[in-house]
Amino acid sequence: MEVIVQPTPAEAARIAAMLIARAIERKPALVLGLATGGTPLHLYDELVRMHREEGLDLSRVRTFNLDEYLGLPPDHPASYRRFMKEHFFDRTNIDPRRTFVPDGLTQDIPRHCREYEELIESVGGIDIQILGIGSDGHIGFNEPTSSLASRTRDKMLTAQTRRDNARFFASPDDVPNSCLTMGIGTILDSRQCLLLAFGSHKADAVAAAVEGPVTSMIPASALQFHADAKVLVDEPAATKLKLRAYYDYAYRHSPVLQ
Ligand code: PGA
């Protein structure tokens, strides 16, 4: 994994946006895997700015979101379809017909999950997958002990995740207890992963994912098996990393990033 530490979330997000914009220039019909939550907001803001000020054209890009709450309609204020619409889709020239978010109201979960996987495969797979990390080490909603080979499926949320996400709901009791999520195997199939993590509350999870053993107890540690995973963090999220000096040296001398 390549770890890039930046002074602020905005600066880390600018690097991620630059990598995505370059990839879209090379391949206008790029397939992007998207994440929700507080973490990717700076990244979406930067991509929107690039679209408005620099002519970044997203019209042919396809997007697949990692996850969605089960039981929430797409227009629910806390649904991830609504989140994406407000923070990203409606602010760019992305074609809504090329955006995909798991359907939290599906009546046939196994079939919907199978079709989501097939759809990703039918467009040639995900080129760049954006990821956040939960304070419990989850990616997508793959909670600890998720199979490292898992595919898109329904998953029960941990109490910790429901507490962490309660801020997006009117009351903590409103947080659904289950979700649909791409699996860890689905995520590992993407060509590149960009994991973002900001704030001291992510420092333990980041250190365990990057420098700890690969274990389903820290689902993000599975990214150690990915051939092209970059981890972009701010200073507070980097405080528990042992090889910090090495990461900074590698970043300063990276021909791609400088
Ligand atoms: P956050 O969530 O961006 O809201 O911190 C990240 C995650 O749970 O993956």
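If you're wondering where the values come from, they're calculated on a predicted model, not measured in any experiment. For ligands, and for the atoms within them, numbers begin at 1 and follow the listed sequence.
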Report summary line: Nearest heavy-atom contact between Ser150 and Ile184 is OG-N, 3.0 Å
Query - Geometric class of the His138/Phe141 ring pair [parallel <30°, tilted 30-60°, perpendicular >60°] - result: perpendicular
Query raised in the report: Any idea which of Gln160, Lys202, His138 brings a heavy atom closest to atom 7 (C) of ligand 1?
Result: His138
Query raised in the report: Any idea which atoms of ligand 1 are less than 4.0 Å away from a heavy-atom of Gly38?
Result: 1 (P), 3 (O), 4 (O)
Query raised in the report: Among protein heavy atoms, which lies nearest atom 3 (O) of ligand 1, and at what distance?
Result: Thr39 OG1, 2.4 Å
Query - Pair Phe169 and Tyr69, ring centroids less than 6.0 Å apart - result: yes
Query raised in the report: Is there a donor-acceptor contact under 3.5 Å linking the side chains of Gln192 and Asp228?
Result: yes
Requested in this report: State the atoms of ligand 1, each with its element, that fall below the 4.0 Å cut-off from a heavy-atom position in Gly37.
Outcome: 3 (O), 4 (O)
Query raised in the report: Will you find, in the side chains of Ser146 and Arg153, an N or O donor that is under 3.5 Å from an N or O acceptor?
Result: yes
Requested in this report: Examine the proximity of ligand 1 to Thr161 and report which part, side chain or backbone, both or neither, has a heavy atom under 4.0 Å away.
Outcome: neither
Report summary line: ligand 1 atoms nearer than 4.0 angstrom to some heavy atom of Arg167 are 4 (O)
Query raised in the report: Taking the six-membered ring for Trp, are His87 and Phe83 parallel (under 30°), tilted (30 to 60°) or perpendicular (over 60°)?
Result: tilted
Query raised in the report: What is the nearest protein non-hydrogen atom to atom 6 (C) of ligand 1, stated with its residue, atom name and distance?
Result: Ile133 O, 3.6 Å
Requested in this report: Using a strict cut-off of 4.0 Å, indicate which atoms of ligand 1 neighbour a heavy atom of Gly132.
Outcome: 9 (O)
